Amino acid sequence: MEKQQFKAESRRLLDLMINSIYTHQEIFLREIISNASDAMDKLAYTALTDDRVGLNRDDFAITITRDEANRTITVSDNGIGMSKDEMIENLGTIAKSGSLSFKQEMEKQDDIDIIGQFGVGFYSAFMVASSVTVISRKYGEDTAWKWVSDGADGYTIEEAARDAAGTDIIMTLKEDAEGEDYSRFLDEYELKNLIKRYSDYIRYPIRMEVTKQRKKEDCAEGENAYEEYTEWETMNSMVPLWQRNRKDVTQEEYESFYREKFFDYSKPLCTIHTSAEGTVSFKALLYIPGKAPYDYYSKEFKAGLQLYSSGVMIMEHCEELLPEHFRFVRGIVDTQDISLNISREMLQHNRQLTIISRNIEKKIKAELKQLMEKDRQKYEQFFAAFGRQLKYSTVAEYGARKDATQDLLMFRSHKQSKLITLHEYVEAMAEGQEKIYYAAGENYDRLARLPQVETLAKRGYDVLLFTEDVDEFIPQYLFAYEEKQFCNASTEDLDLQTEEEKKELENKAEELKGFLTFVKETLGDSVKEVKLSANLGAHPVCMTPEAGMSFEMEKYMKKVNPEFAFPVGRILELNADHDAVKAMQKAMTEDPLKAKDYAMLLMYQAQLMADLPLEDPYAYTELVCKLMK
Ligand code: ADP
Ligand code: MG
């Protein structure tokens with residue numbers, strides 16, 4: 001028996017590795033299984049040129065056995081095996097990858113998707129094992145070799161026996177300690193889960209003996225007795241859907257894969273199956289869900305795509321793969337260009353990931369645009385689920401990323417009574433219309449009856465009706481869309497009159513100066529200003545906010561951050577041509593007390609129409625009753 005020390009730097013590296021590269025101990029199984037798969041790939045490749053191999057793809061398998069009494073897990077393969085020298089080379093030197101060398105040699109003749117390339121995966125076994133034994137027989141050789149190491153002091157190597165080519169990795173689990181449960185890896189159920197989770201798409205069967213129950217055969221009539229028995233079963237599903245050709249996959253397959261993988265019982269709205277070759281090659285299978293998960297807008301929701309490297313899962317929620325505004329997308333990205341052993345921290349700055357993410361973003365956007373154009377009903381369903389996300393992303397970071405989302409937004413059109421895009425609004429603008437008009441409030445019906453909206457509608461101008469909190473922030477960060485500026489119909493000067501009409505209004509105001517002063521004095525501090533308006537149509541009054549902030553924004557601020565909320569100045573606008581206003585004017589000289597009541601009443605009405613709460617509803621009803629008497 002030969003005893004060999006690890007090289008000093010290897011020993012240090014080993015320590016570092018075991019304690020810091022991997023965040024989860026459980027990945028050791030994934031690493032050992034991946035190596036077994038690589039070993040079989042190598043023999044399969046060899047078989048292409050060497051008839052003596054005598055195995056075809058179906059003969060290869062990985063078996064996992066557990067021995068609770070001796071605390072061991074054994075992973076066996078019938079792959080290419082290792083010679084004595086290779087064991088010393090590949091297992092005795094950290095960061096030495098036999099697989100990488102193999103790949104480099106073969107690259108010339110075939111495209112190979114061997115997983116290993118980093119040369120550290122094997123050592124992850126020492127995170128859970130106090131000692132690892134490797135028995136291996138190289139294909140084409142008669143002797144097998146046994147390599148044993150406890151991780152710290154190097155390893156021994158001696159001759160051994162093995163029936164055929166292949167490798168057994170026997171891991172003796174560490175004893176459990178405070179907070180460290182290694183015994184769980186002996187549990188059948190736990191192993192099953194780990195295989196499913198990380199190694200489901202390894203392309204060779206991973207077989208394990210599992211415990212099952214069956215009805216006893218010799219049980220008496222009417223009696224139901226059960227017995228346990230064991231059976232070898234393949235644990236992994238092997239065929240990754242995303243690796244298959246798009247035209248060979250049915251819609252049902254895509255959908256049932258989605259349901260199983262992402263635990264969503266409803267159908268996905270869209271499936272995007274795509275791949276790219278180039279600086280970075282990858283395959284992706286993406287889904288846009290049909291509805292938002294219940295926790296989507298909460299902190300609980302975990303966004304990100306599943307990241308695989310040649311069929312082996314690296315990360316469950318890789319956020320770097322998706323831009324924030326498309327975080328509702330679920331799916332899988334598989335790339336050979338990212339090493340299995342890469343850590344979470346390194347992934348964050350990975351250039352490959354950035355390239356993939358950009359590519360994916362483009363694909364999703366194109367898909368959504370196409371949906372918007374070709375299947376509006378479906379797009380509306382999408383927008384009902386995730387429109388809010390797009391809106392939030394439009395205003396996030398002061399609109400820095402608005403280019404990615406603005407074309408995908410939809411708002412309710414007053415004129416067309418349905419959702420339209422900003423582009424559609426601009427396309428349909430009336431002759432002479434300069435701006436994109438919008439109004440914000442509680443609901444469509446009330447907004448539609450705002451005097452300003454009615455005035456605009458009369459001219460044939462459409463108004464976008466905003467009913468969500470976030471809506472009103474959007475124009476502020478977009479400034480303009482397709483070079484058309486936004487105009488808040490209920491707060492900004494609509495500026496629709498001709499010079500002549502403006503002059504006329506000015507003259508009228510001058511004429512009624514005494515009356516307007518009377519109304520202002522009557523209302524006192526309740527309003528900031530009383531003035532005449534030309535935008536009132538058939539309405540006697542309306543309430544508009546002082547420049548800057550809308551009443552909706554005031555309400556919103558009060559809700560989210562009362563400390564910063566402040567009341568917006570109110571301006572009472574009067575329609576001098578309306579009978580009610582005329583009546584008030586007449587009363588001013590004939591019965592000033594009544595005129596004051598009228599002024600109060602009209603102010604209350606203006607408040608109600610603007611969706612502003614009445615501070616004193618009782619005063620209002622008393623006033624109405626008084627006037628009725
Ligand atoms: P990597 O897989 O990235 O190459 P590992 O540390 O996981 O690095 O494995 C180191 C090397 O050991 C592999 O490249 C391979 O040459 C060899 N090896 C490990 N496991 C096996 C196995 N089951 N059969 C044959 N060779 C193996
Ligand atoms: Mg490996």
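As the structure is a prediction and not an experimental result, all values here were calculated from the model. We use all heavy atoms of the structure for the numbers below, so side chains are in, but hydrogens, waters and symmetry mates are not. Counting starts at 1 for both ligands and their atoms, following the listed order. One is the number of the first residue; the rest follow in order along the sequence.
Paired with Ser37 under the rule side chain to side chain contact (heavy atoms under 4.5 Å, CB included), one option of Ile206, Ile202, Val312 passes, and it is Ile202.
Contact check for Ile288 versus Phe326: no side-chain heavy atoms found under the 4.5 Å cut-off.
Looking at ligand 1, you won't find any N or O of Glu31 less than 3.5 Å from one of its N or O atoms. Checked by distance only, ligand 1 and Phe122 come closer than 3.5 Å through their nitrogen or oxygen atoms.
A perpendicular orientation is assigned to the rings of His273 and Tyr254, their planes being inclined by more than 60° (bins at 30° and 60°). Between Phe382 and Phe386, the ring planes are tilted. Angles from 30° to 60° get that label. Ring geometry for Tyr155 versus Trp147: interplanar angle under 30°, hence parallel rather than tilted (30 to 60°).
Residue-ligand proximity, Lys42 to ligand 1, at heavy-atom distances under 4.0 Å covers atoms 15 (C), 16 (O). Per-residue contacts place Asn90 under 4.0 angstrom from the following atoms of ligand 1 (heavy atoms of the residue considered): 10 (C), 11 (C), 12 (O), 16 (O), 17 (C).
Of all the heavy atoms of Asp77, the ones lying under 4.0 Å from any atom of ligand 1 belong exclusively to the side chain. In Glu86, neither the side chain nor the backbone holds a heavy atom less than 4.0 Å from any atom of ligand 1.
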Side-chain donor-acceptor contacts of residues 208-217 below 3.5 Å, not counting sequence neighbours, with atom names and distances?
residue: Glu209; atom: OE2; partner: Thr230; partner atom: OG1; Å: 3.3
residue: Thr211; atom: OG1; partner: Glu188; partner atom: OE1; Å: 2.5
residue: Lys212; atom: NZ; partner: Glu231; partner atom: OE1; Å: 3.3
residue: Lys212; atom: NZ; partner: Glu233; partner atom: OE2; Å: 2.5
residue: Arg214; atom: NE; partner: Glu227; partner atom: OE2; Å: 2.9
residue: Lys215; atom: NZ; partner: Asn224; partner atom: OD1; Å: 3.3

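One finds the NE2 atom of His317 at 8.5 Å from the CZ atom of Phe301 (value rounded to the nearest 0.5 Å).
Among the atoms of Ser34, none of the N, O or S atoms falls under 2.8 Å from the Mg ion (ligand 2).
Contact annotation: Met82 has at least one heavy atom less than 4.0 Å from an atom of ligand 1.
When Gly121, Ala39, Ser34, Ala36 are checked for heavy-atom proximity to atom 25 (C) of ligand 1, Ala39 turns out nearest.
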